[in-house]
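Below: one structure, written as structure tokens.
Just so we're on the same page: letters track the sequence lines, and every chain starts at 1. The basis for the numbers below is simple: all heavy atoms, side chains too, and nothing from hydrogens, waters or symmetry mates.
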There are 2 protein chains.
Amino acid sequence: MASRNMTRAAFFVLTALADQPRHGYGILREVEELSDGEVQLRVGTLYGVLDRLAADGLIVLDREEVQQGRLRRYYRLTEDGVAALDAEAERMAAGAGAAKRRIAEGRRATAPADTTPQPPTAPGLAGGFA
Amino acid sequence: MASRNMTRAAFFVLTALADQPRHGYGILREVEELSDGEVQLRVGTLYGVLDRLAADGLIVLDREEVQQGRLRRYYRLTEDGVAALDAEAERMAAGAGAAKRRIAEGRRATAPADTTPQPPTAPGLAGGFA
DNA sequence: TCGATATATATCGGCAGCCGAGATATTCTG
DNA sequence: CAGAATATCTCGGCTGCCGATATATATCGA
């Protein structure tokens with residue numbers, strides 16, 4: 001029963017875990033770093049997300065370590081997790097592309113007579129979300 | 001005080017309005033069409049989103065028409081709306097790219113000795129969200 | 001003609017999920 | 001020694017999505 005709608009927070013947790021297993025606090029820092037400071041995943045959000053992702057089988061507990069007296073609980077992506085993240089990335093890229101294309105269309109409609117011939121970005125009308 | 005975190009529903013409403021003004025029900029159909037049936041914006045979601053977007057100044061009421069005895073309330077994007085949608089599309093594309101790149105990194109780490117030299121997708125570590 | 005479906009608006013209550021705040025504990029830094 | 005950083009986790013409030021419902025007209029097939 002996986003594949004409910006993936007939330008933004010879940011997407012970034014999966015992304016942070018995509019290259020290697022990480023523990024909660026490490027995920028927090030990694031999300032901030034990989035988004036160049038744009039996305040700040042909050043502590044209060046994290047554990048709920050982790051629980052849901054584990055329940056959905058997208059991540060599993062990899063191992064537990066005690067580093068310098070502090071417990072670290074490492075999680076890693078499952079195969080389903082990789083697939084779900086990949087699919088979501090695809091959907092996002094498609095959505096972003098659709099938005100960009102339509103913005104251009106909107107500008108063309110209002111634009112002051114553009115002489116430059118527009119290359120056909122998409123053939124049909126619904127030319128490219130999925 | 002615009003620019004709170006844009007929700008998925010809001011993103012798709014803005015995208016549907018990006019090429020031309022549309023009325024509520026038309027937005028519903030357009031979102032479904034532009035996403036090739038993948039995204040179904042619900043009626044119960046729509047009007048709340050419309051209100052919030054209008055309050056944030058991202059859309060405005062364009063005009064009201066009575067077509068075949070039925071009221072149609074058309075909305076259109078403001079300049080802020082176009083900018084917000086554009087920025088969000090950029091963020092999504094960057095996020096999708098980051099996820100894809102990291103999935104590839106993860107595979108490389110587990111892969112059975114890949115001989116094909118990997119082209120340097122990104123220079124730095126945080127090489128490309130924003 | 002009658003019922004179903006499509007078009008079109010809008011509200012409401014339940015539930016999921018994000019986040020600020022706080023609890024707890026250790027280590028590092030000034 | 002104090003405060004920040006590292007590390008875990010819980011809870012309550014607020015926002016937002018969605019199913020259900022209400023209302024009304026037009027269209028279309030049986």
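Of the inter-residue distances, the one linking A:Glu38 atom CD with B:Arg91 atom CZ reads 6.5 Å to the nearest 0.5 angstrom. Between the CG atom of B:Leu85 and the CD1 atom of A:Ile103 there is a distance of 4.0 Å, given to the nearest 0.5 Å. Here the CZ atom belonging to B:Arg101 is positioned 9.0 Å from the CG atom belonging to A:Leu34, to the nearest 0.5 angstrom.
The existence of a salt bridge linking B:Glu105 and B:Arg102 is excluded, since no basic side-chain nitrogen approaches an acidic carboxylate oxygen closer than 4.0 Å. Between A:Arg22 and A:Glu65 there is no salt bridge, since no side-chain N of the basic residue sits under 4.0 Å from a carboxylate O of the acidic one.
Side-chain contact between A:Leu58 and A:Leu77 is absent, with no heavy-atom pair separated by less than 4.5 Å. Using a 4.5 Å heavy-atom threshold, the side chains of B:Leu61 and B:Arg73 count as touching.
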Apply side-chain contact (heavy atoms from CB on, under 4.5 Å) to B:Ile59 and B:Tyr75, showing your working. CA-CA 6 Å; B:Ile59 64 174; B:Tyr75 293 89; 3.8 Å; yes
Which letter, B, S or -, goes with each nucleotide of nucleotides 24-30 of chain C from 5' to 3', with contact meaning a protein heavy atom under 4.0 Å? --BBS--
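Remark: P of D:dA7 and CZ of A:Arg22 are 12 Å apart, rounded to the nearest angstrom. Regarding B:Leu41, its CG atom lies at a distance of 15 Å from the P atom of D:dG16, rounded to whole Å. Following rounding to the nearest Å, A:Ile27 (CD1) and C:dC18 (C1') show an atom-to-atom distance of 16 Å. As rounded to whole Å, 12 Å separates atom P of D:dG16 from atom CZ of A:Arg8.
The residue among B:Leu28 and A:Gln40 whose nearest nucleotide of DNA chain C lies closer to the 5′ end is B:Leu28. Looking at which nucleotide of DNA chain C each of A:Ala9 and B:Tyr75 is closest to, the 5′-most match is held by B:Tyr75.
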Give each protein N/O atom lying under 3.5 Å from an N/O atom of nucleotides 11-13 of chain C, with the pair distance.
none

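In the set D:dC18, D:dT8, C:dA8, D:dC18 carries the atom at the smallest distance from any side-chain atom of A:Asn5. Side-chain proximity of B:Arg29 to the nucleotides C:dG17, D:dA7, C:dT7 is greatest for C:dT7. Nearest to the side-chain atoms of B:Arg42 among the listed nucleotides D:dG19, C:dG20, C:dA10 stands D:dG19. Of the listed nucleotides (D:dT6, C:dT9, D:dC17), D:dC17 has the atom at the smallest distance from the side chain of B:Val49.
The ring-ring contact (aromatic ring centres under 6.0 Å, His included) test applied to A:Tyr25 returns no partner, not counting sequence neighbours.
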